[in-house]
Amino acid sequence: MTQRDLGAVGLWTWAFDRQPATLVRDAAAEIEELGFGAIWFGEGFGRDTVGQAWLLLSATERIVVAAGIANIALRDPLAMATAERALGEAFPGRYLLGLGGHRVAGRPVEADGYTIPAGGKPLALMGGYLDAMDAVPAHGPVPDPAPRRVIGALGPRMLELAARRTWGAHPYFVPVAHTARAREVLGHGPFLGVEQPVVLDTDVSRAREVARAYVAAYASGAPHQAANLRRLGFGDDDISGPSGRLVDAIMAYGDLSAIEERIGQHLAAGADHVCLQVVGTDPTTLPLAVWRELSAIVPTQSARRTAVRL
């Protein structure tokens, strides 16, 4: 797998978790035909990351399928390493393993009545997890090429670890300013794939309200995201509001041209790939109509990346 294999634009979604396997297969095949370079998905209380990846890869032929992220707090490194090998061997060059969950540090986390056990200091936790994965002996086919790994890195030290130990980084919920800083820390070469939440709606006022509600949920409910925003110069008033400045920095909202402009800003700041997460739609359904509309800007941005980055 190379950076070019992912193209400039992919999709990021939680929406598969609520859908039966038949619909997920059909949607994945359509996303591939629409021209997106990668399908990214998270891991929560829906399908586990390995099962979801296998489902998506088996329904497609060319597109990269990326875990964004597989939660290291939920899975022993031996299980993750053997699953990575199995997926890499069955679907050569098409599986990208994003690792995260390292922010479960020092205390348990309650989510929907379930307790995720405490881990440790994030940097040591992730480094130790990578060490443990690398140490797992291979008693079966070894994939060629070896699957790529990235880290869901935000802060400078985690970005440095990503550059040193993996293919690169997959920041989530970040403005363009973070992309520029991340590229500076990573240096030239490591992959930088940035998640970008979008609200596609030509009614800008309505789109802004949806965007504000989304930003408020993350800024107030995820301490590691709030800490990252403070590193970027946003104050408590920005985060608690959230302020219009923060909403505009995090979100791309409005028509296709507004979203295309934001993609271009990330690419110009050093991203290799931008994965678009559609927000504000019915969470019980797949946002297929919006994905189809967004596909109109994929060829333009792919050509732009070739001119700028290669």
Side-chain angles (χ1 to χ4, degrees), residues 8-14 40 42 68-69 100 103 122 152-159 162 169-186 192-281 283 287 290 293-294 297 301 304 308:
V9 183
L11 290 178
W12 199 111
T13 187
W14 288 106
W40 296 76
I69 49 73
R103 298 178 189 88
L154 293 176
R157 291 191 296 170
M158 196 62 72
L159 286 164
H170 172 49
Y172 184 97
F173 193 75
V174 293
V176 173
H178 183 275
T179 298
R181 291 194 184 187
R183 175 51 66 195
E184 184 177 352
V185 173
L186 291 169
L192 180 56
V194 180
E195 180 268 348
Q196 173 61 62
V198 303
V199 181
L200 183 60
D201 190 337
T202 55
D203 185 328
V204 176
S205 295
R206 182 171 58 200
R208 185 183 295 114
E209 288 309 305
V210 173
R212 185 181 300 280
Y214 180 81
V215 171
Y218 269 99
S220 63
H224 66 283
Q225 294 292 0
N228 187 54
L229 294 174
R230 291 188 180 95
R231 278 194 298 267
L232 294 167
F234 293 97
D236 290 342
D237 289 343
D238 291 307
I239 294 168
S240 63
S243 68
R245 182 172 81 99
L246 178 57
V247 172
D248 289 348
I250 292 291
M251 300 295 300
Y253 60 88
D255 60 14
L256 278 175
S257 64
I259 294 168
E260 185 176 27
E261 181 180 0
R262 177 59 59 84
I263 296 170
Q265 290 169 352
H266 278 296
L267 296 175
D272 296 294
H273 176 83
V274 181
C275 40
L276 306 176
Q277 181 178 186
V278 174
V279 302
T281 58
V290 184
E293 288 188 68
L294 289 172
I297 63 178
Q301 291 300 339
R304 180 171 181 171
V308 173

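Applying the salt bridge (charged side-chain N to carboxylate O under 4.0 Å, His left out) test to pairs two or more places apart or on separate chains, those with a residue in residues 241-255 are Asp238-Arg245.
Closest approach of Cys275 and His170 over heavy atoms only: SG-CE1, 3.6 Å. Annotation for Gly254 and Ile259: closest pair O-CD1, 4.4 Å, computed over non-hydrogen atoms. Of all heavy-atom pairs between Leu267 and Ala8, the closest is CD1-CB, 4.2 Å. Closest heavy-atom contact between Ala226 and Ala219: CB-O, 3.7 Å. Of all heavy-atom pairs between Ser220 and Ala216, the closest is OG-O, 2.6 Å. Here the closest heavy-atom approach between residue Ala211 and residue Val247 is recorded as CB-CG1, 3.9 Å.
Leu246 has its side chain within reach of Val215: a pair of non-hydrogen atoms, C-beta onward, lies under 4.5 Å apart. Using a 4.5 Å cut-off on side-chain heavy atoms (C-beta onward), Val9 and Ile297 make no contact. Under the 4.5 Å side-chain criterion, counting only non-hydrogen atoms from C-beta, Val199 is not in contact with Arg208. Using a 4.5 Å heavy-atom threshold, the side chains of Asp272 and Arg183 count as touching.
Evaluation of the side chain to side chain contact (heavy atoms under 4.5 Å, CB included) rule for Thr179 yields Leu192, Val194, His266, Ala269, Ala271 as partners, not counting sequence neighbours. Every residue two or more places apart in sequence or in another chain that forms a side-chain hydrogen bond (donor to acceptor under 3.5 Å, both in side chains) with Tyr214 is listed here: Tyr172, Gln277.
A distance of 12.0 Å separates CG of Leu232 from CZ of Arg230, quoted to the nearest 0.5 Å. Interatomic distance, Arg206 CZ to Tyr253 OH, rounded to the nearest 0.5 Å: 14.0 Å. Rounded to the nearest 0.5 angstrom, Ile69 CD1 and Glu195 CD are separated by 12.5 Å. The line from CG of Asp201 to CD of Glu209 is 11.5 Å long, rounded to the nearest 0.5 Å. A distance of 9.0 Å separates CZ in Arg262 from CE in Met251, rounded to the nearest 0.5 Å.
Gln196 places a side-chain N or O within donor-acceptor distance of the main-chain N or O of Ile250, the cut-off being under 3.5 Å. Side-chain atoms of Trp12 come within 3.5 Å of backbone atoms of Gly68 as a donor-acceptor pair (strictly under, hydrogens ignored).
Partner Leu200 forms a side-chain contact (heavy atoms from CB on, under 4.5 Å) with one of Leu276, Val290, Thr281 and no other, that one being Val290. When each of Arg157, Met158, His224 is paired with Pro122, the side-chain contact (heavy atoms from CB on, under 4.5 Å) condition holds for Met158 and for no other.
Arg231 CZ: more than 12 foreign heavy atoms inside a 6.0 Å radius.
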